Amino acid sequence: MGSFFGEVLAFVGSGWVRPVILALLLWGLWAGLRRAGLDRIERLLTWLGVAVPLLVWLFVVLELAQAGTFRPGAIPIPAIPLAVIIPLLVALPLLMRSANIAAALDAVPASWLIGLQVYRVLGAVFLVRWAAGQLPAEFALPAGVGDVLVGLLALPVAFYVRSRARGSRAAGYAWNALGILDLALALTMGALTSPGPIQMLAFDRPNTGVGTYPLVMIPAFAVPLSLILHGLSLWQLHRVGRGTRASGHAALEPT
C-alpha cells in the first residue's frame with residue numbers, strides 16, 4: 001500500500017500536468033481568437049499578451065515554491081493567500097476588459113472552459129496524502145473530495161451546456177458556483193489547519209505539507225488559475241444568455 005501511495009504522489013507531482021493544462025488553455029485561446037476573425041497580427045499580440053504573463057506567473061510561483069517561501073512561518077505574512085488574491089485581482093479584470101478576449105469567448109462554445117477543469121480530479125492527491133498520514137483529515141477530506149467531485153462533473157456539465165438544452169446554462173452556473181465554493185472551502189480549511197495565528201484545527205497533525213513543493217503548486221498556482229477560469233466561464237455564460245435574449249427580441253420585432 002505504501003508503494004502505491006508513493007507511485008500516485010510521484011505521478012501527480014511529476015510536473016507534466018501543468019504544461020498540459022497550460023498548453024490546452026493557450027491552444028483554446030488561439031482557436032477562439034482565430035474563430036473571432038481577428039487579423040493575424042492582432043491575434044498574435046493578444047495571444048502573447050496572455051501567454052507571456054501566464055508563463056512568467058508560473059515561473060515565479062515555481063521559484064518561490066522551490067525556495068520554501070510558502071512554508072508556514074517562512075515570511076512574516078502568509079504567502080499562499082497572497083499567491084491566490086493578487087493574480088485574481090490583477091488578471092480577471094484585465095481579461096474582462098479586453099474586447100479581443102470577449103470576442104474569443106463569444107466565438108467558442110461555453111463548454112470549453114468548463115470541460116477544461118476536468119483536471120480538478122487530480123485533487124485526489126490530497127486524499128492520497130491524508131491516507132499516507134501526511135495531511136490532516138480536516139483539510140484533506142473537504143479539499144480532495146470537493147476537487148474530485150468538481151472534476152468528475154466537468155465533462156458531463158460541459159456536454160450538457162454544449163447541447164443548449166433547457167436548463168443547460170443554469171447547470172453551467174451551478175457547476176461554476178460549486179467549483180468556487182470548493183476552492184474557497186479548501187483555502188479556508190488550509191488556513192485553519194496550518195501553523196499560524198488563525199490555526200483552529202489539526203493541532204495534533206498541523207497542515208505543514210500543503211506549503212511544501214510540489215504540493216504547494218496547487219494552492220499557489222492551480223487554485224488562482226481555476227478561480228480565473230471560473231470567472232471567465234461565468235462571464236461567457238452571461239454573454240451567451242445576453243446574446244440569446246437579444247436574438248429572441250430581434251425575432252419578435254415586426255418586419
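Computed from a predicted model, the values in this text were never measured in an experiment. All residue numbers refer to positions in the sequence shown, counting from 1.
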Determine whether [X] and [Y] make a side-chain contact, defined as any pair of heavy atoms from C-beta on separated by less than 4.5 Å.
X    : Y    : answer
M217 : V61  : yes
L105 : L113 : yes
V84  : P219 : no
L22  : L54  : yes
D147 : V121 : no
I114 : L229 : no
H230 : Q117 : yes
R239 : D106 : yes

Any donor-acceptor N/O pair, [X] side chain to [Y] backbone, under 3.5 Å:
X    : Y    : result
T212 : G209 : yes
R71  : G211 : no
Y173 : H238 : yes

Query raised in the report: If you measure only the distance, is there a donor-acceptor pair under 3.5 Å linking the side chains of S111 and Y160?
Result: no
Nearest heavy atoms of [X] and [Y], plus distance in Å:
X    : Y    : answer
A107 : R35  : O-CD, 3.4 Å
P136 : A202 : CB-CB, 3.6 Å
A65  : V216 : CB-CG1, 3.5 Å
V148 : G123 : CG2-C, 4.4 Å
A79  : F70  : CB-CD2, 3.5 Å
S226 : L183 : CB-CD1, 3.8 Å

Query - Parallel, tilted or perpendicular: rings of W57 and F221 (30°, 60°) - result: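 Rings of F221 and W57: tilted, 30 to 60°.
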Requested in this report: Go through the steps for I101 and V50 under the test side chain to side chain contact (heavy atoms under 4.5 Å, CB included), then give the verdict.
Outcome: CA-CA 10 Å; I101 296 298; V50 173; 4.0 Å; yes
Shared hydrophobic cluster, [X] / [Y] (ILVMFWY, side-chain heavy atoms < 4.5 Å):
X    : Y    : answer
M200 : L185 : yes
L141 : L181 : no
I86  : L58  : no
V223 : V90  : no
V20  : V17  : yes

Query - Trace of the side chain to side chain contact (heavy atoms under 4.5 Å, CB included) decision for V161 with L237 - result: CA-CA 9 Å; V161 169; L237 289 168; 4.3 Å; yes
Once ring pair (Phe, Tyr, Trp, His ring centres under 6.0 Å) is applied, do any residues pair with [X], and if so which ones, sequence neighbours excluded?
X    : value
W235 : none
F126 : F139
W130 : none

To the closest 0.5 Å, what do you measure between [atom1] ([X]) and [atom2] ([Y])?
X    : Y    : atom1 : atom2 : answer
L232 : L116 : CG    : CG    : 11.0 Å
L153 : W175 : CG    : CH2   : 9.0 Å
L25  : Y119 : CG    : OH    : 8.5 Å
L45  : R40  : CG    : CZ    : 12.0 Å
M96  : I228 : CE    : CD1   : 12.0 Å
D39  : L33  : CG    : CG    : 11.0 Å

Requested in this report: Show your reasoning for whether side chain to side chain contact (heavy atoms under 4.5 Å, CB included) applies to L227 and L92.
Outcome: CA-CA 9 Å; L227 286 171; L92 197 54; over 6 Å; no
Requested in this report: Tell me, with the steps shown, if Q199 and T193 meet side chain to side chain contact (heavy atoms under 4.5 Å, CB included).
Outcome: CA-CA 5 Å; Q199 182 181 5; T193 56; 5.6 Å; no
Query raised in the report: Any ion pair linking R120 and D182 (charged N to carboxylate O, less than 4.0 Å)?
Result: yes
**Report entry** Whether over 12 other heavy atoms sit under 6.0 Å from F203 CZ
**Finding:**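 Buried by this count: over 12 neighbours within 6.0 Å.
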Query raised in the report: Is the ring centre of W27 less than 6.0 Å from the ring centre of W112?
Result: yes
